[in-house]
Asks: 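Have a look at the structure that comes next, please.
Numbering of ligands and ligand atoms starts at 1, following listing order.
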Amino acid sequence: MIGVFDSGFGGLTILKAFLDKLPEYNYIYLGDSARAPYGNKSPELIYKYTEEAVDFLFKKGCELIIVACNTVSAEALRKIQQKWLPENYSTRRVLGVIIPITEALVEEVKKSPGKNQVGIIGTRSTIESKAYSRELEKLSSDLEISSQACPLLVPLVEEGWVKRKETKMILKYYLRPLKLKKIDYLILGCTHYSILFKEIEKVMGKRCQVFDSPKFVAEKLALYLRRHPEIEGKILKERKMVFYTTDDPQRFRDLGEKFLGQKMEKIEKVSLQ
Ligand code: DGL
């Protein structure tokens with residue numbers, strides 16, 4: 001099975017892209033809604049929650065886990081990959097969402113000489129971690145990087161306020177510094193921002209190319225599975241899905257089906273502590 005972990009519902013946008021590109025596999029989704037949002041929490045707490053979540057998914061039989069949450073990918077993934085995994089599940093893997101999108105962006109930059117202004121938006125923790133900038137700088141020394149935390153966007157999306165004028169105003173406020181810098185590329189470094197994709201594109205204008213993770217993460221996962229038959233071969237291919245949440249399953253379904261764009265059959269409530 002392929003595990004997909006997120007702090008809540010947002011990662012369902014990533015699972016949606018997996019179902020489009022790689023529908024044959026079995027997936028387990030875990031949303032830690034009871035403890036979300038992670039985006040304003042300390043690195044220590046985010047790491048602790050992540051350890052509990054990946055342990056849960058491995059115990060459920062996942063061979064591979066994709067951390068769909070940007071905050072977790074930024075704050076906890078490296079330690080999980082370098083220390084926790086070798087000590088606990090040395091043959092299994094945990095991958096995140098930052099490398100796929102930064103690699104795709106740098107490939108695009110190479111095709112467009114003269115365009116090198118990159119903007120990153122995300123939760124407060126993601127931006128403070130500087131994880132996106134670090135990965136981009138490893139891949140290219142030519143980039144001018146600016147970032148902006150947008151902590152109000154997650155609650156606005158969860159309230160369904162996507163089309164409201166208040167949301168547009170807040171978006172304009174957050175994106176203004178990036179617009180003034182004449183950003184050529186903007187990375188949506190948070191699961192929830194996919195839902196605001198069109199609104200963000202509109203504010204940024206035509207000169208800016210907006211990069212959203214789901215498509216790139218699905219492409220990189222397909223490539224990863226092709227390159228790792230020892231893992232791919234162990235993943236069941238019965239097109240089954242199970243959803244776990246740490247909070248109320250009905251609330252998870254109500255918002256989750258909007259993010260996933262389809263019905264969710266089985267949702268179970270679990271405790272990770
Ligand atoms: N999933 C988180 C992310 O992508 C957003 C929601 C949260 O803060 O928990 O950063």
Asks: For Y38, take its heavy atoms, then give the atoms of ligand 1 lying under 4.0 Å from any of them.
Replies: 7 (C), 8 (O), 9 (O)
Asks: If the cut-off is 4.0 Å to any non-hydrogen atom of T123, which atoms of ligand 1 fall inside it?
Replies: 8 (O), 10 (O)
Asks: Taking only Lys NZ, Arg NE, NH1 and NH2, and the carboxylate oxygens of Asp or Glu, determine whether E108 and K111 approach each other closer than 4.0 Å.
Replies: yes
Asks: Could you check whether D254 pairs with R251 (Lys NZ or Arg NE/NH1/NH2 to Asp/Glu carboxylate O, under 4.0 Å)?
Replies: no
Asks: For ligand 1, which atoms have a heavy atom of D6 less than 4.0 angstrom away?
Replies: 1 (N)
Asks: Does ligand 1 have any atom sitting under 4.0 Å from a heavy atom of G8?
Replies: no
Asks: Heavy-atom distances under 4.0 Å are what count here, so tell me which part of S7 touches ligand 1: side chain, backbone, both or neither.
Replies: side chain
Asks: Tell me yes or no: between the side chains of Y25 and E232, is some donor less than 3.5 Å from an acceptor?
Replies: yes
Asks: Hey, would you say the F216 and F211 ring centroids sit under 6.0 Å apart?
Replies: yes
Asks: Please report which non-hydrogen protein atom sits nearest to atom 10 (O) of ligand 1, along with the residue it belongs to and the distance in Å to one decimal place.
Replies: T71 OG1, 2.6 Å
Asks: Tell me: protein heavy atom nearest atom 8 (O) of ligand 1, and distance?
Replies: G39 N, 2.8 Å
Asks: Any idea which atoms of ligand 1 are less than 4.0 Å away from a heavy-atom of C190?
Replies: 3 (C), 4 (O), 5 (C), 10 (O)
Asks: How far is atom 2 (C) of ligand 1 from its nearest protein heavy atom, and which residue and atom is that?
Replies: C69 SG, 3.4 Å
Asks: Do Y38 and D6 get their side chains close enough for a donor-acceptor pair, meaning under 3.5 Å?
Replies: no
Asks: Strictly below 4.0 Å, N to O, side chains only: are K59 and D55 in salt-bridge contact?
Replies: yes
Asks: With salt bridge (charged side-chain N to carboxylate O under 4.0 Å, His left out) as the test, would you mind laying out the steps for K172 and E199 before giving the verdict?
Replies: CA-CA 10 Å; K172 279 190 176 161; E199 285 68 22; over 6 Å; no
